[in-house]
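Computation of the quantities below employed the complete heavy-atom set of this structure, encompassing side-chain atoms and omitting hydrogens, waters and symmetry-equivalent molecules. One-based numbering along the sequence shown.
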Amino acid sequence: MTLRLGDTAPDFQAETTAGPISFHEWVGEGWAVLFSHPRDFTPVCTTELGYVARLKPEFEQRGVKAIGLSIDPIASHQGWVADIKETQGYAVNFPIIADPDRKVANLYGMIHPAHDEVYTVRTVFVIDPKKKIRLFITYPQTTGRNFDEILRVIDSLQLTDGYRVATPVNWKPGEDVIIVPAVSDDEAKGKFPLGWRALKPYLRLTPQPGRSEAAEPAKR
Ligand code: BEZ
C-alpha cells in the first residue's frame, strides 16, 4: 500500500521497549512522530536516537510523542539503549518498536528493496490527532535525519491548522507567515489586525499570528 498525505495512518499492534501497544490508542489525542531506522548497534542510528531523546521536552511542548522502529528484536533494542545513553548523553525516553516480521515496516512502506532488501530505510511520519498522515520523509540509510526540521514542520502544521496562513521558504517560528490566497483582503483585515505587506496580490506577509509582538523566536 502506498501511503499519501492525508491518509489515515494504519493502525497496528506491536511489541515495544515500553511494552505492547495498539498504535492509535498509544497516539491518543495528540500528535505522533513514527520513525524507522535500519538496525540497532549502528552509528548513525545511535546518534539519531540520542538526539530524539534530547528533544523530548520540545516534542512535549507541542503535544507530540515519538516512537522509533527497527526490525531488530526487543532484546537487541534493550541492549542498545545503554550504548545510546553512554555515547550520546541522553537515555532513550520513548518506545522503540521491534518489528522482526516487518509487519509495521511493510504497512508503512519502510522497506525500499532497491536500496536495501532486508533493513528499513530512514522514514519519518508525522501523524496528527485525527490519525492523519501530515508529513512523511524518507532518507537513505547513510544520512542521519535533521530532527530539528521535523520540529519546524510540526510548528508550521500546528500554526497553519489554527490560522489561514502558510509558511514561506526556510520559515522559523517567530518569522512572518503568508496569508493564504483564498483569504480576500477584506477578510484578512479582520483576521490579521497587525496588517500585512503585499509583495504581490497573492503574496501577503503578516507577523506570525498567536504571538505577542515582543515574543522572541523559539531557541533550541
Ligand atoms: C547507521 O546507522 O550507521 C547505518 C545503518 C545502515 C547503513 C549505513 C549506516
Note: [X]-[Y] ion pair, threshold 4.0 Å (strictly below):
| X | Y | answer |
| --- | --- | --- |
| R134 | D161 | yes |
| R204 | D185 | yes |
| D155 | R152 | no |

Exercise for review: Flag yes if more than 12 heavy atoms outside K191 fall under 6.0 Å of its NZ atom; otherwise flag no.
Suggested key: no
Review point. Hey, does R39 have a side-chain heavy atom less than 4.5 Å from the side chain of W80?
Key: no
Check your understanding: Any side-chain heavy-atom pair from Y51 and D148 closer than 4.5 angstrom?
Key -> yes
**Study point:** Centroid-centroid distance, F136 to Y108, less than 6.0 Å
**Key:** no
Pairs under 3.5 angstrom only: tabulate donor-acceptor contacts from the side chains of residues 65-75 to other protein residues two or more places apart or in another chain.
from: K65; atom 1: NZ; to: W26; atom 2: O; distance (Å): 2.3
from: S70; atom 1: OG; to: D40; atom 2: OD1; distance (Å): 3.0
from: S70; atom 1: OG; to: D72; atom 2: N; distance (Å): 3.3
from: D72; atom 1: OD2; to: D40; atom 2: N; distance (Å): 2.6

**Study point:** Backbone of P95 reached by a side-chain donor or acceptor of T17 within 3.5 Å
**Key:** no
Practice item. Without swapping roles, check the side chain of R145 against the backbone of T123 for a donor-acceptor pair under 3.5 Å. Key: yes
Revision key, fill the gap. In D128, V33, L135, the residue satisfying side chain to side chain contact (heavy atoms under 4.5 Å, CB included) with I154 is V33
Exercise for review: Could you identify which residues cluster with L205, counting Ile, Leu, Val, Met, Phe, Trp and Tyr as linked when any side-chain heavy atoms lie under 4.5 Å apart, either directly or through a chain of such contacts?
Suggested key: I178, L199, Y202, L203
**Study point:** Reference residue R122; test side-chain hydrogen bond (donor to acceptor under 3.5 Å, both in side chains); the match among H37, Q141, E48
**Key:** E48
**Study point:** Donor-acceptor side-chain pairing of T120 and S36 below 3.5 angstrom
**Key:** no
Straight-line distance of [X] [atom1] to [Y] [atom2], nearest 0.5 Å:
| X | Y | atom1 | atom2 | result |
| --- | --- | --- | --- | --- |
| K56 | Q61 | NZ | CD | 14.0 Å |
| F94 | T16 | CZ | OG1 | 11.0 Å |
| I179 | D176 | CD1 | CG | 10.0 Å |

Review point. Does L3 share a hydrophobic cluster with F12, counting links as ILVMFWY side-chain heavy atoms below 4.5 Å and allowing steps through other members?
Key: yes
